[in-house]
Amino acid sequence: MSGHPEALRAENIVKRFGQVTALEGVSISMRQGEILGILGDNGAGKSTLMKIITGFQPPTSGRLIIGGQEVALRSVDHARELGIECVYQDLALVGGLSIYHNLFLNREITYKGPFRLLNNEAMRQAAIERLGEIGVNIPSVDLEVERLSGGQRQAIAVARAVGGASRILLLDEPLAAMGAREAGAIIDLILRLKQRGDLAIAMIMHNYAQTLDIADRIILMQRGRITYEKESAATSVQELMDIVRREYRAMRAA
Amino acid sequence: MRGDQGLLRARDVSSMRRAVWDQFHAFLRTREASIVIVAVVLVIYFEVTNSNFLTNANLQTLSQTIAAWTIIACGETMLLICGEIDLSVGQVFALAPFIMYFAHDAGIPLVLALLLALAASGVIGLINGTITVRLGVPSFVTTLGMFYLINGLTLTISHGSPVETPGSPEFAAVMGAEGYAEIAWAIAIVIVMHIVLRHTRWGLHTVATGGNLLGASEAGINTNRIKTGNFVLTSVLGGFTGILEAFRIGSTDPLAGGSNIMFLAVAAAVIGGTALAGGAGTIVGGFVGAIVLGVLRDGFTLEGINAFTFDLIIGAGILVTMLSNIHLGRLRQLGGRS
């Protein structure tokens, strides 16, 4: 896996909120065509790390290297310009709008002219194409998002994120609250995106078995640090469980 | 050969019939369908029970009532869709013609005075919007305060007494005095606002703002700008309606408008399928809602129903219409689920 070019590297990221230290020197690396699984308890710092990579919050200290160059992300838009896209857990979809309007939300295709009217036909066609490219099957792009299942919504949110020139894709709990069949479809989608080869994917996960199935490499975060990192093939659910169990017993004893 | 043609024609007819049927079904699934049916039923009922209903004189009166509610409903619909409401618009309705009157009195040409009044209405909307989105005061409270503030202002500058609306009869005719002039303005505004809501980024972002505020801003939409803009729009439309009515009646009354016209406009929007919680609604629905309310009021008046029981019946009418509308909407959603 180390043969893949590096898309993003975070070095010694520290994030403090007043007295609370959320991240105590975290270093990760993401490579093109590779899926990184991020595991850890609530409050371990996973979401904070993600918010720093998406430019939502600046780190207290540490370096971010994207595509070989060190950058200080100014905003979410700045990160997006650099090809970093994120699918939040709330998905940021608008229920009352059609699938194609959601896919192009705030990046609408318009007709030329003084009124810049929406070119709905162009957006419909582009939406059908884009969903077809990544293999998402939806009966019609005219459907309102509120009529879709949780899995279909997740697929739409992912399709929106990988639409432009995205190079780095962050997924926050992409399989949360989903049935087995739905989760299977999303896993297939993520694996297809990996096949593209130019996309570095990181996903925050809770389920160890699913993570080991999908991810090439996993990291385990505990209390703001990375306590474990390994190729998925070289570890097991049992090993991960043992680490977490040890930690939890130590905390109870303390 | 001839038989083939006959067969073809028969197939054409049946496919056409199916196309019409499909269109009818598509219509039934739209948000406005149930309320359009209610409107048609009401018109038929009043025409059957009262021969004066579909006369030119009555239709003129009816169209003028509907026009005023419709124009204000266009603004309130946009605001409701993006998750806000404007209670003060009925007072802007009363204030705007006075601003026009005093500006004209001070020597400004009437057309400029009219535009000045609209600009002033816009400023009130801007204040409503700014207080609501920047200072985080719920619009219900912001515009409730503005309601009394504007009312006080109108009563103070007018000394509480009506004035004659300025301008030549020709200008007045175009601005609402001519029989169907006001409804023509209303329909023109409905068309423009329908295009704005359905076919521009502004309209799409208005729906997105009301449908998922956080999600819309995560997608990079400036939701504060959208909301403030729709407050300005509502106020300008409210002021414009007040001016139209002042020209139509020929006198400018400080006690015109107020809460009554505002609530009727909101009721028209909501009856027309606009969600009070935001995220969904149509301009055409608000128009049809205003028609239903207008027909109800006008029809009851023709039937000679006592003024005391009038509001009672209107209120019950609104509740029944809304209940059936919501109920039909739910059935439609179930039916349309794939």
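In what follows, chains carry the letters A, B, and so on, assigned in the order in which the sequence lines appear, proteins first and then strands, with residues in each chain numbered from 1.
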Task: B:His205-B:Asn222 side chain donor-acceptor pair, cut-off 3.5 Å - done: no
Open item on the list: Is any side-chain heavy atom of A:Ile226 closer than 4.5 Å to one of A:Leu49?
Closed with: no
Open item on the list: With a 4.5 Å cut-off on side-chain heavy atoms, are A:Val162 and A:Glu85 touching?
Closed with: no
TODO: Between chain A and each of B:Ile195, B:Thr200, B:Leu204, count heavy-atom pairs under 4.5 Å; write down the option with the most.
DONE: B:Leu204
Task: Toward chain B, the part of A:Tyr111 with a non-hydrogen atom under 4.5 Å - done: neither
Open item on the list: Please classify the contact between A:Leu97 and chain B as side chain, backbone, both or neither, with a heavy-atom cut-off of under 4.5 Å.
Closed with: side chain
Open item on the list: Any heavy-atom pair between the side chains of A:Ile66 and A:Leu73 that's under 4.5 Å?
Closed with: yes
Open item on the list: Does any backbone or side-chain atom of A:Asp77 lie under 4.5 Å from a heavy atom of chain B? Answer side chain, backbone, both or neither.
Closed with: neither
